[in-house]
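Have a look at the structure below, then the notes.
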Amino acid sequence: MDFDGKVWPLAGGFGRYTRLVAAASWLPNVCVSLGFFSEFLYTSSPESQCQGGPCGGDNSSSPGATLINSSTCPGAWGVQAQSWLHGTIVTQWHLVCENGWKVPLEQICYLIGWLWGYIIFGLVCDRFGRRNGFISALVVALPLGVALCFSPGYLSFMAIRIVFGAALSGIFLSFYIARLELCPPGLRLMITMIGGFFWLGGELLLPGVAVLCSDWKVLQGAISGALLLLSGYWCCHLLFPESPRWLLATRQLNRCKAELCLFSRANGIDTGEDFAEIDSLWRGFPRPRYYSFCSLVGTRLIWRNALILGFTTFIGSGIRPCFARNLMALGGSTPYFLQAGSEVLACISLCITVNHWGRRAVLLLFTILTGFCSLLLLALTQYLFTAVSIAISVLGSLSSHAVVMLSVFYASEVLPTVIR
């Protein structure tokens, strides 16, 4: 039935309480963003230089750098801690020289954890609900976040980090979907982009928190404390109610009516009908009906949309590190803030263009722009001035981030509620 046109207005629609719930769903983005971007700080590679060993190298040290001698390492390498954290996993477990390969391995495993988290907790959200998906992810994230602070070695850190990343992605996904399902179609983009700004707020807040914490274990403890605050969404049902749209789509009529009554009372709407129209949809006592990823088999349109938008997300996510690598030539903290700034501009650009030109046209525009920037850098890097190369990289980072955000948002709109 027409949920947005007939059912949702009876509960007050996007009234005062619904707006408060949507606004409350933005705040967890800050906590999850801190956890996601902490990876760049934990594995940041301070300058390593050989102190007169067989590897050769420069024996000079930069002003203000802290020299940490490593006795495991042939050539007596020194590690200069010059990032926001004076202590990282690189300095603690001497991940330089022949151990340097362990750093990208840990980064890859962490991202794989996020990938599996989206799949696993996506299935949980579709089967048990958005709220239960969040609760299960939070229950996993909290103890593992604390356990990371006491990791005795590299292998235990990597194993815990994989599952911790999966739990963070589950928290993000639960709020993203629940927020989208509360909003009327005309406001979904704006509400989602504001959530994106909160995510970027966490990214920009992280360096300051890292400077205050100084060591990666203290920073991890601070992130775990921030996640602990999210338990308020678990304890207070009013802060994060179950999605009535999902309950109705899965034929859980009694729970759906209970949630709609909660929204109607909180929005100040007196519904004397007690949502009797919902009962008229099915006769007798309908059983809940759930769907899984296997339900996509035989649905050509859904498969096509999922594959196309999945591919554009893959391209946008995969090419962004290439643009980021070109920015590393600037050194220091500049590349980090340039990346964050390009993401802010991407969000603003989507807010301005999508509602005027539509999802497909804007997605095509930013995809073409991403490919154009990539081809320019691929063919002309050796002939371009450094400033021009950096400007193209910033533009490419902006457009690729816009492709990813819009692809995910577009997919969440066109895919059915029961497998969203």
Side-chain angles (χ1 to χ4, degrees), residues 25-41 44 84 107 110-111 114 118 165 168-169 171-173 175-176 179-180 188-210 223 309 312-330 332-355 359 362-363 365-374 377 389-412:
S25 71
W26 296 329
L27 298 178
N29 276 10
V30 178
C31 303
V32 178
S33 177
L34 290 173
F36 177 79
F37 289 104
S38 65
E39 178 70 12
F40 297 101
L41 273 63
S44 61
W84 294 306
Q107 294 172 333
Y110 183 61
L111 292 177
W114 272 77
Y118 282 129
L168 288 183
S169 67
I171 295 173
F172 173 82
L173 181 66
F175 280 101
Y176 187 96
R179 181 190 313 124
L180 192 84
R188 286 174 183 168
L189 176 69
M190 182 189 70
I191 299 299
T192 302
M193 289 302 107
I194 294 176
F197 285 121
F198 274 80
W199 173 272
L200 295 174
E203 182 180 359
L204 294 172
L205 182 65
L206 180 62
V209 177
I223 293 172
L309 295 173
T312 55
T313 306
F314 172 78
I315 294 298
S317 300
I319 206 169
R320 290 195 70 219
C322 302
F323 296 125
R325 185 179 181 85
N326 289 332
L327 298 178
M328 297 304 293
L330 295 174
S333 306
T334 305
Y336 183 91
F337 289 107
L338 274 180
Q339 281 277 95
S342 68
E343 293 168 4
V344 171
L345 292 177
C347 288
I348 295 175
S349 300
L350 291 177
C351 292
I352 296 174
T353 58
V354 171
N355 281 334
R359 276 68 161 156
V362 175
L363 180 60
L365 171 65
F366 280 114
T367 303
I368 293 174
L369 186 59
T370 300
F372 181 70
C373 292
S374 178
L377 292 175
S389 177
I390 290 174
I392 295 175
S393 298
V394 172
L395 180 60
S397 180
L398 182 158
S399 58
S400 60
H401 186 72
V403 167
V404 173
M405 291 191 69
L406 186 54
S407 296
V408 174
F409 173 74
Y410 197 4
S412 64

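Counting from 1, the numbers follow the sequence of the chain as shown.
Within the 4.5 Å cutoff, no side-chain heavy atoms of Ser169 are placed close to those of Leu173. Proximity of Tyr410 to Leu189: side-chain heavy atoms (C-beta onward) are nowhere separated by under 4.5 Å.
Between the side chains of Trp114 and Tyr118, no donor-acceptor pair is found at a separation under 3.5 Å.
Distance check, rounded to the nearest 0.5 Å: CE of Met328 to OG1 of Thr334 gives 10.0 Å. The CD1 atom of Ile392 sits 9.5 Å away from atom CG of Asn326, with the distance rounded to the nearest 0.5 Å. Atom CD in Glu39 sits 11.0 Å away from atom CG in Leu168 (nearest 0.5 Å). In this structure, CH2 on Trp26 lies 10.0 Å from OG1 on Thr192, to the nearest 0.5 angstrom. Between the CD1 atom of Ile368 and the CZ atom of Phe372 there is a distance of 11.0 Å, given to the nearest 0.5 Å. Taking OG of Ser374 as the start and CG of Leu369 as the end, the distance is 11.0 Å to the nearest 0.5 Å.
Contacts of Arg320 classified as side-chain hydrogen bond (donor to acceptor under 3.5 Å, both in side chains), with partners at least two apart in sequence or in another chain: Glu343. Scanning for side-chain hydrogen bond (donor to acceptor under 3.5 Å, both in side chains) contacts around Ser38 gives Arg161, with sequence neighbours left out. Looking at residues two or more places apart in sequence or on another chain, you find a side-chain contact (heavy atoms from CB on, under 4.5 Å) between Ile348 and Phe197, Val344, Ile352. Qualifying side-chain contact (heavy atoms from CB on, under 4.5 Å) partners for Ser25, counting only residues two or more places apart in sequence or in other chains: Phe175, Arg179. Residues that satisfy the side-chain hydrogen bond (donor to acceptor under 3.5 Å, both in side chains) test with Ser400, not counting sequence neighbours, are absent from this structure. In terms of the ring-ring contact (aromatic ring centres under 6.0 Å, His included) criterion, Phe409 has no residue partners (sequence neighbours excluded). In this structure, the ring-ring contact (aromatic ring centres under 6.0 Å, His included) partners of Phe337, at least two apart in sequence or on a different chain, are Trp84. Shown here are the side-chain hydrogen bond (donor to acceptor under 3.5 Å, both in side chains) partners of Ser33, two or more places apart in sequence or in another chain: there are none. Applying the ring-ring contact (aromatic ring centres under 6.0 Å, His included) rule to Phe172 yields the partners Tyr176, Trp199; only residues at least two apart in sequence or on another chain are considered. Residues forming a side-chain contact (heavy atoms from CB on, under 4.5 Å) with Leu350 (at least two apart in sequence, or on another chain): Met193, Val354, Val362, Phe366, Ala402, Met405, Leu406.
Across Thr367 and Leu363, no two heavy atoms sit closer than the pair OG1-O, 2.6 Å. The two residues Ile223 and Leu34 have their closest heavy-atom pair at CD1-O, 3.5 Å. For the residue pair Thr370 and Ser399, the shortest heavy atom distance occurs at OG1-OG, 3.0 Å. Of all non-hydrogen atoms in Gly35 and Tyr110, the two that sit nearest each other are O-OH, 3.0 Å. For the pair Gly318 and Pro321, the tightest heavy-atom approach, listed with the atom from each and the gap, is O-CD, 3.3 Å. Between Leu327 and Ser393 the shortest heavy-atom distance is CD2-CB, 3.9 Å.
The closest donor-acceptor contact from the side chain of Ser407 to the backbone of Val404 lies at 3.5 Å or more, if one exists at all.
Sorted by first then second residue, the salt bridge (charged side-chain N to carboxylate O under 4.0 Å, His left out) pairs that include residues 395-404, not counting sequence neighbours, number zero.
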| said: Ser342 vs His401, test: side chain to side chain contact (heavy atoms under 4.5 Å, CB included). Steps then yes/no. | reply: CA-CA 8 Å; Ser342 68; His401 186 72; 5.8 Å; no
Anything under 3.5 Å between a donor and an acceptor, one on a side chain of residues 200-207, the other on a protein residue two or more places apart or in another chain? List them.
none

